[in-house]
2 protein chains.
Amino acid sequence: METKGARLEEWSQRIAEHGGRVTRPRRVVMQVLLEAETPLSPQEICTRARRRYPSLGLVTVYRTLDVLETLAVVRRVHREDGCHAYLPATPGHHHLLLCRRCGRAMEFSGWDALDGLIAELEAATGYRVEEHLLQLIGLCPRCYAQLKEGERG
Amino acid sequence: METKGARLEEWSQRIAEHGGRVTRPRRVVMQVLLEAETPLSPQEICTRARRRYPSLGLVTVYRTLDVLETLAVVRRVHREDGCHAYLPATPGHHHLLLCRRCGRAMEFSGWDALDGLIAELEAATGYRVEEHLLQLIGLCPRCYAQLKEGERG
DNA sequence: GCTGGAACTGAAAATCTTTTTCACTAAGGC
DNA sequence: GCCTTAGTGAAAAAGATTTTCAGTTCCAGC
């Protein structure tokens, strides 16, 4: 697996190519995102990042996330409570698999079969489908195992 | 197709069964939802409802939507701008088909094939999938026809 | 048909997320 | 090292949503 350091490097390069500057606040935000186990809200990112760089402003977090989202290196997910959370994106078009217990997220792809379903639906309804949002919610292997154990105990 | 009047009646009954009261403000909000062509935000609902009942408060709209969502007669959809929109729900588990041009929404179901895909994914990842959110975005037949025409003209 | 109490209402204030403004700072090409 | 300009943080503003509260209305029980 690609190391966190390599990805930080890669992201920084993307920012530079895009005419942006790789500043200390931005680097800290990127590190927090890369180390996260779950999608994080701007507020959560700010809190964690301040442990390393206390003067960081929440506004800078928002602006950095904007940049990273534009570069398609992070993805934004909708949370039930109305606010947004961000996670590092893996390249290509991906769907999201979320654990309802620990919040862990995982992107997956390769669901070509979905395209067949969409074609069927287009034929049936007359709609033209251009993009889609698919999020699956459930339990990750670890949480599933823990819940099983709880039942036995 | 079931008439708007019948659905209003049905919703009112659900509220009463649930120990709630069917008041004038609630009835107006329900009417606006049933007449809508697209999902509406609380703000939009309030504006439309005030044409019929000017003293309606936005807070009451929020509270009524809460009740209706709890009763599962309306569904909440996430909008890109961060706020929420609501539309009458059709019974059962449905997915959403949205027109990016006019906003028209349509629920659909019967995608049993999706279950097969989910089973495959569970086997591959170890996750247990409990629920899913699927939204397809594209063009409704009307908007598609209009855009085609625009290209020709 | 009254009446009392609980459910409901609207306005205002509070809360929370996100955006804008602005004076100051610091990347990084030269 | 210097200069330009992108980037920064604080404060204020803008929205969406929730809470509070005093007053209103529904309706079950008489």
Side-chain angles (χ1 to χ4, degrees), chain A residues 8-9 11-33 39-71 74-86, chain B residues 11-33 39-71 74-86:
Chain A
L8 182 62
E9 207 39 58
W11 289 11
S12 302
Q13 215 169 304
R14 296 288 312 277
I15 290 176
E17 281 164 14
H18 199 256
R21 290 176 187 172
V22 182
T23 62
R24 171 117 190 258
R26 287 183 174 180
R27 228 175 297 118
V28 177
V29 168
M30 291 190 280
Q31 278 166 1
V32 167
L33 278 164
L40 299 177
S41 69
Q43 193 57 255
E44 290 161 343
I45 293 169
C46 191
T47 302
R48 294 187 188 199
R50 277 182 170 155
R51 297 209 268 265
R52 252 175 263 179
Y53 184 64
S55 71
L56 180 70
L58 178 57
V59 188
T60 296
V61 175
Y62 275 99
R63 283 186 288 229
T64 302
L65 289 171
D66 256 10
V67 172
L68 297 176
E69 204 191 351
T70 301
L71 297 174
V74 305
R75 224 179 290 281
R76 183 166 69 158
V77 310
H78 296 274
R79 292 207 309 203
E80 257 326 297
D81 67 3
C83 77
H84 293 122
Y86 294 79
Chain B
W11 290 11
S12 302
Q13 214 170 305
R14 296 289 311 278
I15 291 176
E17 280 163 12
H18 198 254
R21 289 178 186 171
V22 183
T23 62
R24 173 117 190 258
R26 287 183 173 181
R27 229 176 295 118
V28 178
V29 168
M30 291 190 278
Q31 278 166 2
V32 167
L33 278 165
L40 300 177
S41 70
Q43 193 57 256
E44 289 161 343
I45 293 169
C46 191
T47 302
R48 295 188 187 199
R50 277 181 172 157
R51 297 210 268 265
R52 251 176 264 180
Y53 185 64
S55 69
L56 180 71
L58 178 57
V59 187
T60 297
V61 175
Y62 276 100
R63 283 186 289 227
T64 302
L65 289 171
D66 257 10
V67 172
L68 296 176
E69 204 191 352
T70 301
L71 297 174
V74 304
R75 223 179 291 279
R76 184 165 69 156
V77 310
H78 296 276
R79 293 205 311 200
E80 257 325 297
D81 66 3
C83 77
H84 294 121
Y86 294 80

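Excluded from the calculations below are hydrogen atoms, water molecules and symmetry mates; all remaining heavy atoms, backbone and side chain alike, are included. The structure presented is a predicted model; accordingly, all values stated were derived computationally and were not measured.
Atom P of nucleotide D/dT17 and atom CZ of B/R79 are separated by 9 Å, given to the nearest angstrom. As a whole-Å value, the separation of A/E17 CD from C/dG28 P is 14 Å. What separates CD1 of B/I15 from P of C/dC8 is a distance of 9 Å, to the nearest Å. Between the CG atom of A/L68 and the C1' atom of D/dG7 there is a distance of 14 Å, rounded to whole Å. When the P atom of C/dT17 is taken as reference, atom CG of A/L40 falls 14 Å away, rounded to whole Å. Nucleotide D/dG7 holds its P atom 6 Å from the CZ atom of A/R21, rounded to whole Å. Atom pair A/R63:CZ and C/dA26:P shows a separation of 15 Å (rounding to whole Å applied). Separating the CZ atom of B/R24 from the P atom of D/dT25 is a distance of 12 Å, rounded to the nearest angstrom.
Side chain of B/R14 to main chain of B/L71: a donor-acceptor pair is present (N/O by atom type, distance under 3.5 Å, no hydrogens or angles).
Here B/H84 reaches the OP1 or OP2 of D/dT17: one of its side-chain N or O atoms lies under 4.0 Å away.
Both B/R50 and B/G20 lie near DNA chain C, and the one whose nearest nucleotide falls closer to the 5' end is B/G20.
Tested against A/Y53 for a side chain to side chain contact (heavy atoms under 4.5 Å, CB included), the candidates A/V29, A/V32, A/T60, A/V28 yield a single pass: A/V28.
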